[in-house]
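Working notes, beginning with the structure itself.
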2 protein chains.
Amino acid sequence: MADARKARPTPLQPNMSDVARHAGVAIGTVSNTLNNPEKVREPTRLRVQASIEALGFVRNDAARSLAAGSSNTVGIVLVDMGNSFFVDIARGAEATLREQGMNLLIANSDIEIEKQLSNLEVFEQARVAGIILAPLDPHITNSLVSKAVSRPLVLVNYAAEDARYAGVVADEHYGGYIAAQHLISLGRKNLVFAGGPIKLQAVAERLAGAGQAVSETPGTVLTLIETTGMNISHGRTAGSRIAAQDACVDGVVAASDLLAIGIIQVLEQQAGRRIPEDVAVVGYDNNHFASESTTPVTTISQPGEDMGRAAAELLLAEIRGEDEGGRSTIVLRPHLITRASTVATRNRV
Amino acid sequence: MADARKARPTPLQPNMSDVARHAGVAIGTVSNTLNNPEKVREPTRLRVQASIEALGFVRNDAARSLAAGSSNTVGIVLVDMGNSFFVDIARGAEATLREQGMNLLIANSDIEIEKQLSNLEVFEQARVAGIILAPLDPHITNSLVSKAVSRPLVLVNYAAEDARYAGVVADEHYGGYIAAQHLISLGRKNLVFAGGPIKLQAVAERLAGAGQAVSETPGTVLTLIETTGMNISHGRTAGSRIAAQDACVDGVVAASDLLAIGIIQVLEQQAGRRIPEDVAVVGYDNNHFASESTTPVTTISQPGEDMGRAAAELLLAEIRGEDEGGRSTIVLRPHLITRASTVATRNRV
DNA sequence: TGCCTCGAATGAAGCGCTTCAAAAGAACCA
DNA sequence: TGGTTCTTTTGAAGCGCTTCATTCGAGGCA
């Protein structure tokens, strides 16, 4: 079985022919043991597996994907790893891919367009099987074409303008709708929508959704307070403007949790309004600290993990060529998480 | 120049010989243009580069690292992508690596030991140039050996027990020290250290550091309140116990920001203490919401990005074989970020 | 016993790149 | 012009794997 071993100085990393020699089989049999075990008779397979164990063989993925002409890795390009929404997407995608025996590479763009493009190029060089992209701006598809991204690609968070790529997005309209609906169901009548700039498509849709809920319920009104951004400081500005309103506002839909927190701070501490008794506030995104702030914020939770899962499934279908004749866009619904900023609880601190 | 082109049906992805043919040079020249431009005369190089552009050639990384026997990618295995500390480490490492023309692959372990091991194996298969590992527990090095991780590896956040691997850690003792020192410099005398379980090495060291600061200053005392965890709810429990103390506590060092937030909530809202006038509170970690909570929390900021940078540098040295005879452990100091929970500000909301 | 069939095992070819010994060119001097 | 030296270019070999046409061998049947 063990014939004259060729002079191989230090087999630091044993390769397939080392395994084949050790097991007394041909190299093709080792390959089949790994990739098509049903084609190898049991005794042979066991012998090969024992040799793999004995030598501590780990298959060289570079060689594998070079020879096979395809990789078992997909890449995801995130807008910002500091944002838990995107981290959730990655988590969801990873779970689905792992079930299918594929690996996920995560790249972070840090909200910089150059990094995003460079990350795409890295994946392109790595010849990943496919790419999940959270585009930095909705017009990115043009840049993609120029970057010659020629492999299966699925967008998350923005739909493609043309139908060139499949995509997964959240139903922003519905999110705005259930936020307002929640306030209305609590008996609130004089609502404010705070968010902006309105030219952001997501904000506009949330506003439209809230508007629909109000228009469906006689006796309720919705006022828009447009902000220039979505941070706590913008929230404070919005809070002052809400406090200054003539009409007595009793419900606020904020387009982000940070906005909501800023608004709550000003209303409680400067305007002397009680939250939620006088004013109920709903945020958006389910940021980590929405639940951790002094007054935990009722929020619309983005379906991040589900979006990641759906994106991974679309991508797998595309990789396998099962995407029958069309790039679909999947729309997932967010859901409401009720906390103390809209509903007083016994055990509230 | 363009001789009879071999029948190549669809050059979907042009390769190096396509480029060579197009530019009228040998394939080795194309390779040199990419990897050793100084070895190619300028006119030739420009011609090759033009052809690369014209054909939209992207080098196949799998083939490259197979032929070269080394990859230009390093992998980082994070404990938890949901924790901004680890995200910062990745960010820092990425910055340093990118400067050196290397790429960073991020893998998330989601606090699960199996995922951590599986991620290590993926990197092993990918034959990455090196690995940065944030181990889930300090004893992981044993598992590493059994997983036959045989490539350059640097630990972050935990030092190796033996001197087998280089590492980067934060100076927890110093962090505890400056936290207590800050309170003392504000004239606080009756301090509490809240955190736990004490068997966690990091907590024990922070406590020791705080103890040292107190022992250096006559007239100050430090009481330990051990918690069973480090979340907001544990903080609330600790807060109640602080409120119940006989002596009038005027300063608290909390071992995490969440703990600090819970303590602040109870002291302010249930015990009627003013923050920071009656009690000043310092947290730890600079969690995102430490600055976003109603009372922004003074905190000890972990040097996450710096740790990532340092880890990447150690790893690069090891990859290049410059790690003269020893695995060093680098200790980086955290720093204090002063906010409203210890110092009253004019513009406090 | 001889022939046929079919599942199992074989191993050469080739994936796209880097390397490096060898060939070709350029530059210079006598 | 020929010889020498140095620079630039060439292209075959080989990295470790997958693939697949080919070969092997066991079993069934006449």
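What you see is a predicted model, and the numbers here were worked out from it, not measured in a lab. Letters go in sequence order (proteins before strands), and every chain restarts at 1.
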Do the charged groups of [X] and [Y] touch, with an N to O distance under 4.0 Å?
X: A/K115; Y: A/D80; answer: no
X: B/R309; Y: B/E313; answer: no
X: B/E42; Y: B/R45; answer: yes

*For the side-chain contact (heavy atoms from CB on, under 4.5 Å) test, which of B/I319, B/L153, B/V154, B/L316 pairs with B/V74?*
B/I319
*Show the numbers, then the answer: is there a side chain to side chain donor-acceptor pair (under 3.5 Å) between A/R127 and B/Q13?*
CA-CA 10 Å; A/R127 298 290 195 277; B/Q13 295 256 339; 3.3 Å; yes
Would you kindly give the [atom1]-to-[atom2] distance between [X] and [N], to the nearest whole Å?
X: A/R21; N: D/dG16; atom1: CZ; atom2: C1'; value: 13 Å
X: A/N36; N: C/dA9; atom1: CG; atom2: C1'; value: 13 Å
X: B/D18; N: C/dC17; atom1: CG; atom2: P; value: 9 Å
X: A/I52; N: D/dC17; atom1: CD1; atom2: P; value: 10 Å
X: B/M16; N: D/dA13; atom1: CE; atom2: P; value: 19 Å
X: A/R59; N: D/dG16; atom1: CZ; atom2: P; value: 15 Å
X: B/L34; N: C/dC17; atom1: CG; atom2: P; value: 9 Å
X: A/N60; N: D/dG16; atom1: CG; atom2: P; value: 7 Å

Measuring from [X]:[atom1] to [Y]:[atom2], what's the distance to the nearest 0.5 Å?
X: B/F86; Y: B/I89; atom1: CZ; atom2: CD1; result: 6.0 Å
X: B/K39; Y: B/T29; atom1: NZ; atom2: OG1; result: 11.5 Å
X: B/Y165; Y: B/L314; atom1: OH; atom2: CG; result: 15.0 Å

*Five pairs at each end of the helix from C/dT1-D/dA30 to C/dA30-D/dT1: take the axis at both ends and give me the angle between them to 10°.*
50°
*Which of these nucleotides, D/dC15, D/dC17, D/dT18, is closest to any side-chain atom of A/N15?*
D/dC17
*Minimum-distance nucleotide (side-chain atoms of A/S31 versus C/dT19, C/dG16, D/dT19)*: D/dT19
Filtered N/O pairs between nucleotides 4-10 of chain D and protein, under 3.5 Å:
unit_1: D/dT8; atom_1: O3'; unit_2: B/R41; atom_2: NE; d: 3.3
unit_1: D/dT9; atom_1: OP1; unit_2: B/T44; atom_2: OG1; d: 2.3
unit_1: D/dT9; atom_1: OP2; unit_2: B/R41; atom_2: N; d: 3.1
unit_1: D/dT10; atom_1: OP2; unit_2: B/A26; atom_2: N; d: 2.7
unit_1: D/dT10; atom_1: OP2; unit_2: B/T29; atom_2: OG1; d: 2.8

*Could you check whether B/D61 gets within reach of a base, just the sugar-phosphate, or nothing at all, counting any heavy atom under 4.0 Å?*
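B/D61: no heavy atom of the nucleic acid under 4.0 Å.
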*For the residue pair A/V79 and A/P135, what are the closest heavy atoms and their distance?*
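Closest pair (atom of A/V79, atom of A/P135, distance): CG2-O, 3.8 Å.
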